[in-house]
Amino acid sequence: MPSGPAIAPAPGLVIRLRPTSPWRFGPDSGARDRVDPVCHSDTVFAAVCSAMNVLGHLPEWLADTAQREGGSAVRFSSCFPSLDETLYAPPPMTLWPPAPTPRVRWAAARFVPLGAVETLLSGQPLREDAWMVDGESGCLLPTGRGPKGGPFRTRMHSGVAVDRVTGAHVEVYSAACIEFGPGGGVWLAVEFQDGAAGERWAGRVEAAFRVLADSGLGGGRSRGWGRFEIRSIAAGSLPGLLLRLPTPEAPAEPAGEHAGKCAYWLLSLFNPASGDGVDWELGAYSLVTRAGRVESPSRWGDPKRPVRMVAEGS
C-alpha cells in the first residue's frame, strides 16, 4: 500500500471474518509449540486457489493471477486481527516504534489499530495515557479496554496420532493454536487491478471464501480448526477502505538521487521480481522464511522449497 496520496485508488474489498474454532499457522521454525498469529498472503492465495478448484474456476483464475504477464489481476493482503470494529495491522517500520515513554513499551506491539497508523502518518504523536500493549496478542489496545483483553490468545491443545491400519496409538503430541475471544476476528484486503478485474472476480472471490469458511484455513483442519463465518464484505477503493490518508498541499517526496520514488507500506509478503526497482537504502525491511508442505493430489505432503520474503509492515 502506498504511504502517500500519489498512487491512484484501486477497486477492492475488505473482508472481515469471525473465527468459529481455533486457528493454527506454523512459525518459520515449524515447531509445534509455537504459532504464527498471521495468515500470510501466500497462504491466503493458495487457499483461494484450492477453493477456485472446487468451484471450477481454477484454470481461468491461474491465467489471470499467477500466470498473467504484467502482474496478477487480483492481490491479497495477509490476514490480521480485528477487535470489535477496530482493524489491526503491523505498523510501518519507518514510523515504529515511537520515542520511548515511561508508561508504554511501544516496541512490544506487533499490531496497531489502523486509526493509530493514520495518526502516525499525519505526523502526530500517540498519547501514552491512551494506549496499552496486550502482552498475549501483541496488540496495542485503548486503555479503556481493561480486563477484556486482546482479540486472541495462544493456547496448547493435545492430541493422539492413531495408526489407521492397526488402530494403535502412535504418538501423543501437543500443538499451539490461537483462540479468539469475544469481539475478536480477522480481516484482509483484496485489491483488483482495475474495474474490469473487480467485476470479473469479486463475486467469485466471495464464493471462494464461503467455501473456505467450511473447509478452514491453516493447520489442524482435520480436527476442525481454521473455520470461520464471514462477518462482512465491504466494496470500494483502496486504500480508502482502510485509511484516511493525509493530503497536504505539497506531499513530501524524496530528494536528490531518490527523487520521484514512492514509499510503500506492505500489508502482504513481497518477493521482488528481477525487474522490480527497489531502493533498499530507503525505508525499513525485515524478512521471513516461507516453507511448508504441498497439498496436491499428485504430490501431497512434499516439502516446499523455502523462500525468503519481505515481511508485512516493511
Which distance, rounded to the nearest 0.5 Å, do you find between the CG of L114 and the CG of L241?
11.0 Å

Between R231 and S82, does a side-chain hydrogen bond (donor to acceptor under 3.5 Å, both in side chains) hold up when you go through it step by step?
CA-CA 11 Å; R231 178 178 176 182; S82 64; 5.2 Å; no

E118 (side chain) donor-acceptor with R244 (main chain) under 3.5 angstrom:
yes

Starting from the C-alpha separation in whole Å, work towards a yes-or-no answer on side-chain hydrogen bond (donor to acceptor under 3.5 Å, both in side chains) for D36 and H40.
CA-CA 9 Å; D36 191 337; H40 295 284; 2.7 Å; yes

Distance col, row R227:CZ vs T20:OG1, nearest 0.5 angstrom, shows 7.5 Å

Rounded to the nearest 0.5 Å, the CD atom of E60 sits from the CE atom of M52 at a distance of 9.0 Å

Ring pair (Phe, Tyr, Trp, His ring centres under 6.0 Å) involving W201 - partner list, sequence neighbours excluded:
W61

According to the side chain to side chain donor-acceptor pair (under 3.5 Å) rule, which pairs have a member within residues 211-222, sequence neighbours left out?
R221-E295

Residue pair F209 / F228, side-chain heavy-atom distance below 4.5 Å
yes

Are R290 and T43 linked by a side-chain donor-acceptor pair shorter than 3.5 Å?
yes

Would you sort out whether Q193 and R68 count as a side-chain hydrogen bond (donor to acceptor under 3.5 Å, both in side chains), showing the intermediate values?
CA-CA 12 Å; Q193 186 179 48; R68 186 175 183 273; 2.7 Å; yes

Do W23 and F180 have ring centroids that are under 6.0 Å from one another?
yes

Let me confirm one number: the CZ-CD distance from R210 to E229, rounded to the nearest 0.5 Å.
10.5 Å

Would D134 and S137 count as a side-chain hydrogen bond (donor to acceptor under 3.5 Å, both in side chains) if you check the C-alpha gap in whole Å, the side-chain angles of each, and the deciding distance to 0.1 Å?
CA-CA 6 Å; D134 177 52; S137 66; 2.5 Å; yes

salt_bridge(R200, D64) N-O dist < 4.0 Å:
yes

Run the side chain to side chain donor-acceptor pair (under 3.5 Å) test against Q124 and tell me which residues pass, sequence neighbours left out.
none

Quick check for you: to the nearest 0.5 Å, what is the distance between D42 atom CG and S268 atom OG?
9.5 Å

Sidechain-backbone polar pair: T94 side chain, A284 backbone, donor-acceptor under 3.5 Å:
no

Under 30°, 30 to 60°, or over 60°: which ring-plane class applies to F80 and W187, parallel, tilted or perpendicular?
tilted

For S41, does its backbone N or O pair with a side-chain atom of S78 as donor and acceptor, under 3.5 Å?
yes

Heavy-atom check, side chain of F45 versus side chain of V74, under 4.5 Å:
no

Can you tell me how far apart SG (C139) and CZ (F111) are? Round to the nearest 0.5 Å.
6.0 Å

Closer than 3.5 angstrom, by distance alone: can the side chain of T143 be matched with the main-chain N or O of M132 as a donor-acceptor pair?
no

Is there a path of hydrophobic side-chain contacts, each under 4.5 Å between heavy atoms of I, L, V, M, F, W or Y residues, that connects M93 with M309?
no

Do side-chain atoms of D279 reach the backbone of E281 as a donor and acceptor pair under 3.5 angstrom?
yes

